[in-house]
Number of protein chains: 2
Amino acid sequence: MDNSKIIIREANKEDCDQIVKLIQELADFEKMPNGPKIDAKTLRRDGFGEEKMFRCLVAADGDNLVAYALYFFNYSTWEGVNVYLEDLYVTPTYRHRGIGTTLWRKVAQVAVDRKCNRLDWVCLGWNKQSIDFYKSKGSINLTSQEDWNLFRLSGDNLRAFVNNTDKK
Amino acid sequence: MDNSKIIIREANKEDCDQIVKLIQELADFEKMPNGPKIDAKTLRRDGFGEEKMFRCLVAADGDNLVAYALYFFNYSTWEGVNVYLEDLYVTPTYRHRGIGTTLWRKVAQVAVDRKCNRLDWVCLGWNKQSIDFYKSKGSINLTSQEDWNLFRLSGDNLRAFVNNTDKK
């Protein structure tokens, strides 16, 4: 397909309304439509304000954003600074053109440029198509290979724990 | 047991040699003794230099560090800024005194103070004792409950992907 009009670039403040829509599309695909609570104002503040909490690349077809990769730096006590890829998403009508691979590779380039040894992310176990793609590039599933499980304390349980009112 | 001499405080530059030793102890416990490649110099630069990539709390008995909790802020496209707990470790002879709970609660307090809704971390699936403890405070296992799997592209595979030399 013709990718000649697709431009891959860093996101800017003005992209946030469209990025929020793509975030919702991704959540719908993940069968968790009620997940996103974020709005464009929050994204603008957190990504393009004084304290940058994430970075984002987008693929644009004219004025329309058709894909995004949102990432940040995290820290490993084994290897130091690494890159964590929070989201990689291509809207359905633009798939199978290599846009996702290009975005992913650019994030990997950021990691290598920063001398990071790791690029990490999470993926739903049923998403076999993505997993096959990741594995074809040498990625490993740390959950199935090393038994790492992801845990979360959130919302009311988080606040109860802090207030020490969680005791039964 | 007597906790009166134990002081919980923020880590400082001078703690890094001892923190590196505790990081190795944790890796030994996790049965991955060859995991840590980090040194105290790197920790000093990344945690206490110009760009702070992590924060760390320690428990000290006099001059000896006996526990640590190392964390940083990450970003969710569903909920914005959150806290990620990279390591929580108490050296064996100081366990069962509540030091781990105190450190964990202080990190949770950081999350609540920053208006984060989530505190995330990973744990090995065989570490039942820790998992039972986490669950007793309302934590959920996102891997078993929602099928989230952790993926990684690293080392030579990461560099080959960036250089586009991964094609077979």
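By convention in this document, chain letters (A, B, ...) are assigned in the order of the sequence lines, proteins followed by strands, and residues within each chain are numbered from 1. A quick note: this is a predicted structure, and the numbers were derived from the prediction, not measured.
- When heavy atoms are compared at a cutoff of 4.5 Å, Glu86(A) approaches chain B solely by way of its side chain, counted from C-beta outward.
- At a 4.5 Å heavy-atom cutoff, the contact between Phe72(A) and chain B is made by side-chain atoms alone.
- If you measure heavy-atom distances from Phe151(A) to chain B, the contacts under 4.5 Å come from both the backbone and the side chain.
- Of the charged side-chain nitrogens involved, at least one lies within less than 4.0 Å of a carboxylate oxygen, so that Arg114(A) and Glu51(B) count as a salt-bridged pair.
- No donor-acceptor pair closer than 3.5 Å links the side chain of Asp120(B) to the backbone N or O of Arg152(A).
- For the pair Glu30(B)/Trp148(A), a side-chain contact is recorded, criterion being any heavy-atom separation below 4.5 Å from C-beta on.
- With hydrogens and angles ignored, the 3.5 Å screen pairs no side-chain donor or acceptor of Asn149(A) with any backbone N or O of Ser144(B).
- Remark: side-chain polar atoms of Thr77(B) are not paired, donor with acceptor, to backbone N or O of Ile23(A) under 3.5 angstrom.
- For Leu43(A), the parts lying under 4.5 angstrom from a heavy atom of chain B are both the backbone and the side chain.
- Put simply, the side chain of Arg118(A) does not reach to within 4.5 Å of the side chain of Leu158(B), judged on heavy atoms.
- With a 4.5 angstrom heavy-atom cutoff, Leu70(A) touches chain B only via side-chain atoms.
- Within the 4.5 Å cutoff, the side chain of Gln109(B) has no heavy atoms near those of the Asn163(A) side chain.
- Both the backbone and the side chain of Tyr75(B) come within less than 4.5 Å of a heavy atom of chain A.
- Screening Val112(A), Leu119(A), Val110(A) for a side chain to side chain contact (heavy atoms under 4.5 Å, CB included) with Val162(B), the sole residue that qualifies is Val112(A).
- Asp87(B) touches chain A through its side chain: at least one heavy atom from C-beta onward sits under 4.5 Å away, while N, CA, C and O do not.
- Summarising the geometry, atom NZ belonging to Lys137(A) is positioned 6.0 Å from atom CZ belonging to Phe161(B); distances are rounded to the nearest 0.5 Å.
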